[in-house]
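All remarks here apply to the structure that follows.
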Amino acid sequence: MNQDRLSQLMKAVQAGEITPEAACDRLKHLPFEDLGYAKVDHHRSLRSGMPEVIYAAGKTMQQLVGIFTSLAASGVNVLATRCSPEQFEAVGQTEPRAVFHEAGRCITLNQQDTPSYAGLVAIVCAGTSDLPVAEEARVTAELMGNRVELIADVGVAGLHRLLTQRPRLREANVLIVCAGMEGALPSVVGGMVAAPVIAVPTSVGYGASFGGLAALLGMLNSCSPNVSVVNIDNGFGAAYIATLININRASTTQGERNQDGPQRID
């Protein structure tokens, strides 16, 4: 349920096209549906403009399928992150429209028109090994209605590769930069653009990288003041924040700053 669907439902009741009892039946699972092992938040779109997202890691097949089915039944677009091929197979048996994004380890179900937001979200990754995190960010950002460009394998070890991308970088309203090893790339990108940079440390690197901790600390100590940092491998979180920034920057540019949460840009 989102603001548009709720408004349509209320108008249908007002016009006599649906009975109040039928409308109540549709709303009975608001604000959440208790499945016993999970309380599915169907009210999330009304509060924040975007539906609840499923973190699949650690969930049993039955739990994932149950939550996915519950969200799908409400009519929203569904996203599950950190999914295995086996989990997708289980979801697909119940919801054959679901799509598996293997590189980003995500399952999506796109069943309603997505608002298109003005402005570009650029996703930059240092190396090919960082692509799973970058792909998670890409899938998330696209499902949420952003225009996205992925710029891959432009790490600081070959800085000339990044410099050739300057026009694309400068076009973006917000940038997501994924890097492992020493995590230097976001600082470099931050020094090249007049836009927010969301740094995503990845768990890529040899022993002293400590599973991404070295990159995280390096990014937190960035000398570029337009760089902020999310948790290790959190491509989803970076894309969610980037969406909110993109919406607000685009609406500000058009003189339509939103005061009540994310709105579509027509």
Side-chain angles (χ1 to χ4, degrees), residues 53 55 57 81-83 101-106 119-144 146-246 249:
V53 173
Y55 180 73
T81 65
R82 299 304 168 91
C83 302
H101 305 266
E102 184 174 4
R105 299 167 292 180
C106 297
L120 172 68
V121 175
I123 301 175
V124 185
C125 73
T128 305
S129 296
D130 301 305
L131 272 174
V133 177
E135 281 291 330
E136 179 180 276
R138 181 190 64 79
V139 171
T140 302
E142 288 183 344
L143 190 68
M144 291 179 173
N146 299 280
R147 179 166 63 95
V148 178
E149 283 195 33
L150 176 62
I151 302 172
D153 198 22
V154 288
V156 298
L159 195 57
H160 57 289
R161 300 173 300 176
L162 179 66
L163 296 179
T164 63
Q165 304 298 325
R166 280 179 290 185
R168 298 170 71 193
L169 298 175
R170 289 173 178 170
E171 182 188 350
N173 266 357
V174 57
L175 301 96
I176 298 169
V177 182
C178 308
M181 304 291 184
E182 82 287 8
L185 183 61
S187 291
V188 178
V189 173
M192 297 170 62
V193 300
V197 173
I198 303 171
V200 187
T202 69
S203 53
V204 171
Y206 293 103
S209 69
F210 296 108
L213 182 59
L216 172 63
L217 294 175
M219 293 174 183
L220 287 171
N221 285 284
S222 174
C223 60
S224 296
N226 55 337
V227 174
S228 61
V229 189
V230 297
N231 208 345
I232 298 169
D233 290 339
N234 190 8
F236 159 74
Y240 195 108
I241 296 168
T243 299
L244 296 176
I245 294 172
N246 189 36
R249 292 200 77 191

Nearest 0.5 Å please: distance from the [atom1] atom of [X] over to the [atom2] atom of [Y].
X      : Y      : atom1 : atom2 : answer
Leu244 : Met144 : CG    : CE    : 8.0 Å
Phe236 : Arg105 : CZ    : CZ    : 14.0 Å
Arg161 : Asp153 : CZ    : CG    : 4.5 Å
Ile151 : Ile176 : CD1   : CD1   : 11.5 Å
Arg138 : Cys178 : CZ    : SG    : 12.0 Å
Leu217 : Ser222 : CG    : OG    : 13.0 Å

Indicate yes or no: at least one non-hydrogen side-chain atom of [X] is less than 4.5 angstrom from one of [Y].
X      : Y      : value
Ile241 : Val174 : no
His101 : Glu135 : no
Thr164 : His160 : no
Met192 : Leu163 : yes
Leu169 : Leu162 : yes

Nearest non-hydrogen partners of [X] and [Y], listed with the distance:
X      : Y      : answer
Asn234 : Val230 : O-CG2, 3.7 Å
Ser203 : Ile232 : N-CG2, 4.0 Å
Cys125 : Asp130 : CB-CB, 4.0 Å
Val204 : Ser129 : CG2-O, 3.6 Å
Ser209 : Met181 : CB-O, 4.5 Å
Val197 : Pro186 : CG1-O, 4.2 Å

**Request:** Among Asn173, Thr140, Thr243, find the residue that satisfies the side chain to side chain donor-acceptor pair (under 3.5 Å) test when tested with Asn146.
**Result:**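 The option that passes is Thr243.
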
**Donor-acceptor pair, side chain of Asn246 and main chain of Ala242, under 3.5 angstrom** =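 Flag not set: sc Asn246 to bb Ala242 has no pair under 3.5 Å.
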
**Message:** Strictly below 4.0 Å, N to O, side chains only: are Arg82 and Glu136 in salt-bridge contact?
**Reply:**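 Glu136 and Arg82: salt-bridged.
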
**Request:** Take Leu131 and Leu150, measure what side-chain contact (heavy atoms from CB on, under 4.5 Å) needs, and give me the verdict at the end.
**Result:** CA-CA 10 Å; Leu131 272 174; Leu150 176 62; 4.0 Å; yes

**The single option from Pro225, Ser224, Cys223 passing side chain to side chain contact (heavy atoms under 4.5 Å, CB included) against Val227** =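 That would be Ser224; it is the only one of Pro225, Ser224, Cys223 passing the side chain to side chain contact (heavy atoms under 4.5 Å, CB included) with Val227.
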
